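Reading through the structure tokens given below for one structure.
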Amino acid sequence: MWRIRVSCRGYMFQVAEYAGTGKTLSLICSTLQWLEDEHAHRLSSSRKGEAECAKEDEEPDWMRDFEVNKEEQKLKEKEEKKQRRKLQLVSDSAKKVSSSRSFFGDVDERFGGKQRIGKSKKPVKTVAGALEDDEFLVEDYCSDDNASSGEAVKRKPEKDISSSSEEDVEDEDEEEEPLKVFFCSRTHSQLSQFVGELQRTKFATSLQSVSLGSRKTLCINPEVAKLGSSARINERCLELHKAKSSGHAGLKAVKDNQMQRRKVKSSGCPLLKKQRLQRQFKEKLELSSAMDVEDLVKLGQELGTCPYYGSRRAVPTADLVVLPYQSLLNSSTRESLGVKLKDCVVIIDEAHNLVDTVNSIHSCQVSATQLRQVSSQLSEYLEKFKNRLADSNRQYIETLLLLIKAFLDCLAVPEPGGLKGGQIGGAKSKMLTINDFLFSLKIDGINLFKLRRYIKESNIVHKVSSYGEKVISEQTVSTSQSRSGFAKGTIPQVSNALTGFHALADLVLALTNADKDGRVLVVPSVGKGLDIWDGHLKFVMLNATKHFTEIVEEAKTVILAGGTLQPISELRDRLFPQLPHEKVHLFSCGHIVPPESILPLAIARGPGGHTFDFTYQSRSSQTTIEELGRLISNVSSVVPEGIVVFFPSFEYESQVHATWADKGMLASIQLKKHVYREPRSASEVEDILQRYKDSIIKASNQTDKATHSQRGALLLCVVGGKMSEGINFSDGMGRCVVMVGLPYPSPSDPELIERMRYIDQLPAAEVGVGNSVTASNGNLVLQRCGQRGREYYDNLCMKAVNQSIGRAIRHIGDYAAILLVDVRYTSTSSPSGPNAKPSGPASKLPEWIKERLVQVTGSFGEVHKLLHQFFKHNQQRIQGN
């Protein structure tokens, strides 16, 4: 158990523990016990303070009694809520929360039978003319320059959830619980594992917790969920939410009959029609034990209300909030979710890639197609409302059109012979500083700060996109009645520009960063006619410190936890360099597995004596690939149950698999193990994992193994894929992990080049910033970069290796072999010998692996012998227990 010091603001704890050491349970017990103690301490202090004030204060007795009674009533209500939760859990212990009444069985009732979302059951009166378009008109906007009174128009913030049901009323204001613990991890599966550990403790019932998830994870509206991609689901949800909210906007400006028409039309999502159901969802959540996102989905289906917005309602009064990276690390997302970090404890698990995650979240991209779509809708909107828009609105819209035109010009396919030497719109990608990008497009005179504020405050995005959808929908309806105006195949399709608008808004926001904080990647369109490859603009954030500092300064304490946080110096320099040393604490411990439960081998040669060289220039050699096949075939004969093989990329895995199949090696391996491959599609991962697991279980349960040559399964995975992080290959699922080569990122990646330059702080002229990005340019950066840049490049590779091989040993009773297949893993410091320490890539392995690493530079027979002894010993040990 740890004692966590959280008495002072701005403390940073770095917890380095390996998988299977009980890190999650330790974090839960230590932080939540502290939280309970702190609540008790505050309650005690409050009562003492009130007693002292009562003695000194000359207020009338009835006023003091009123204040004391009010505070005691709040505390009493909180305790009663906890007691109700415990009673509810006792009564529900025999019947878990389940969807006994199928939500989708009632789908016709809730969604109006076969009627599509957004259509009204009642006939709608058509009101023509200006009144009908009033809902799309942007309110008058006054900036600091053109406001005659010196004050900008004040707008009421739109509520997240609005109701179209007259029986519903707004929730009563609930007091925010000021002290919380926020637990954050990268994926929903990792968060579900955390909730599972939480449910094993007393805190699952004594403290109120809530899990937040993405719309894609929590959406139970079948019409929205079937869209598949996160972007389309987010877009459609916001669209329905906007439709629901817009039913109340501008009602004072229209007639009574129009008010009723608009209210019926803007029904929004049917799962948000009744606030009563949202309140029931929140109450059930408060009276239940800790729930993960799957439990929230079941509860939403049972009640027939949205679990995404329902869980958000529970945040203010929760003691523990469980949420993914995106919801915590992005300030605008925190604001929209109502997440307030002031004086709270923040735990960030799996923090090994935190720097790159922060940078990725604050990077953005917009395509040429999206820009053209936004430009078209803005132009049509301006043409329609130019005589009714305020001067300031018209000027800002014209500025947006000017900005989009400049962006499109730099992405345009160049005319043959029309290029000049310094022209941006060439066929090659360019990486530019923010200032160089703005100057080259001659848009440095546009005040992007004011434009960004206008986009945020004026609601222009939703107004224009809504009007554009209306116009296209009307064209589609009229065309379906008479096709004479359009050639075959040219009927307008309803298309939503919300995604493009948001991408443009994100880019405008990104361009207001300091020049040194990021770069702009310009990738022009390429091709002719219908074969044009769409170009794009991408802002690449380089300064993670800027955004992470907001969290550090706001929270009381931040805890970074993970098994591969090393090197700590790099993490500190790139995330919180401003913190004094005395405010940064590191807690690290070794692995709990005994030495005999792990066998890490660095292998230089294969069964045929060929040296394993998996550098990018040599790995495609047929000899190397065939030698790898012979190694896997030999290992499959010795290793029981499951073997997981990691390749540097999907492309190389496909090349190796094809060669093995062509040479007959795959058939030889399949005689010993069932072979499965990691799919590129995330939706297929679960099915492949289940089939892999079933094959292992089936082989383990076979009584007559003499008649069954197959002994388990082989899984081919990719470093950086879905199976290299967050998946537990414990026990028979991963008796052996094979790492093929070193997964270095491509040195020609323009984003990687800029990150290395930023870390190393090389002068721009040194590596030619702004020049076309080529492979030779990338190698030039590697050659010229200093120690910090090269260190970062090596760390990217070895962090990926450590994450992948750490999938195997998951608990104290587990055992596995780890094979590092590449001659570079066998490098040792001089002098060589039995006491020589690993150098090169192997020196960056975790201590619990490095101290037990056996470097095999001789014949492959030694590998076979060590594996045979290792598995024989552990199988006898397990049977003896």
Side-chain angles (χ1 to χ4, degrees), residues 130 132-160 162 234-235 238-239 241-254 262 266 331-333 335-336 364 366 370-371 373-407 443 445-471 496-512:
E132 189 174 355
D133 292 331
D134 274 352
E135 61 182 304
F136 305 117
L137 188 63
V138 181
E139 294 181 40
D140 291 351
Y141 181 84
C142 297
S143 65
D144 294 337
D145 293 344
N146 56 20
S148 57
S149 64
E151 295 183 0
V153 174
K154 296 181 180 179
R155 298 172 181 79
K156 294 181 180 179
E158 292 187 6
K159 293 182 171 58
D160 282 337
S162 58
N234 289 342
E235 184 177 295
L238 289 172
E239 187 180 72
H241 189 235
K242 172 197 64 179
K244 193 175 183 64
S245 301
S246 64
H248 298 278
L251 294 182
K252 293 181 180 179
V254 294
R262 194 178 297 177
S266 301
S331 59
S332 60
T333 306
E335 182 181 348
S336 67
C364 59
V366 61
Q370 289 175 322
L371 289 171
Q373 188 178 36
V374 174
S375 177
S376 173
Q377 292 202 1
L378 272 174
S379 299
E380 193 163 359
Y381 182 85
L382 182 62
E383 181 65 26
K384 172 69 177 179
F385 295 102
K386 62 182 178 182
N387 294 327
R388 301 176 62 193
L389 288 169
D391 290 342
S392 58
N393 281 321
R394 189 163 55 250
Q395 290 170 5
Y396 277 114
I397 293 174
E398 288 172 350
T399 302
L400 276 172
L401 286 169
L402 178 66
L403 191 69
I404 294 171
K405 183 180 184 302
F407 290 163
I443 54 175
I446 296 177
N447 190 328
L448 294 176
F449 292 94
K450 293 178 68 174
L451 189 60
R452 158 193 164 189
R453 190 174 67 184
Y454 172 75
I455 294 173
K456 182 178 179 180
E457 296 179 357
S458 67
N459 205 25
I460 183 69
V461 171
H462 290 304
K463 296 290 186 181
V464 175
S465 60
S466 298
Y467 177 72
E469 291 166 26
K470 170 183 174 287
V471 171
N496 198 313
L498 261 180
T499 301
F501 269 112
H502 286 303
L504 174 64
D506 289 342
L507 183 59
V508 171
L509 171 62
L511 292 176
T512 61

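Computed from heavy atoms alone, side chains included, the values below leave out hydrogens, waters and symmetry copies. The residues of the chain are indexed from 1 along the displayed sequence. The structure displayed is predicted, hence computed values, not measured ones.
- Side-chain contact between Q370 and L504 is absent, with no heavy atoms from C-beta onward closer than 4.5 Å.
- Considering only heavy atoms from C-beta on, V366 stays 4.5 Å or farther from F407 through its side chain.
- The two atoms that bring Q377 and S465 nearest to each other are OE1-CA, 3.4 Å, heavy atoms only.
- Closest approach of S375 to I404, counting heavy atoms only: CB-CG2, 3.8 Å.
- Between L389 and Y381, the closest side-chain pair of non-hydrogen atoms falls below 4.5 Å.
- With rounding to the nearest 0.5 Å, the separation of CD1 in I397 from OG in S392 is 9.5 Å.
- Ring-plane geometry between Y396 and Y454 is classed as parallel, the angle between the planes falling under 30 degrees on a 0 to 90 degree scale with a further cut at 60.
- L451 contributes atom CG, which lies 6.5 Å from atom OG1 of T399 (distance to the nearest 0.5 angstrom).
- When atom types are taken as modelled, the side chain of R452 and the backbone of L509 share no donor-acceptor pair closer than 3.5 angstrom.
- For the pair R388/L137, a side-chain contact is recorded, criterion being any heavy-atom separation below 4.5 Å from C-beta on.
- Listed by chain and number, the residues in a side chain to side chain donor-acceptor pair (under 3.5 Å) with K405 are D409 (sequence neighbours excluded).
- Rounded to the nearest 0.5 angstrom, L403 CG and L511 CG are separated by 7.5 Å.
- Evaluation of the salt bridge (charged side-chain N to carboxylate O under 4.0 Å, His left out) test over residues 373-383, restricted to residues two or more places apart or in two chains, returns E383-K386.
- Under a 3.5 Å cut-off, the side chain of S376 and the backbone N or O of Q373 do not form any donor-acceptor pair.
- A pairwise comparison of heavy atoms in I460 and I455 identifies CG2-CA, 4.0 Å as the closest pair.
- Within the 4.5 Å cutoff, the side chain of L382 has no heavy atoms near those of the L378 side chain.
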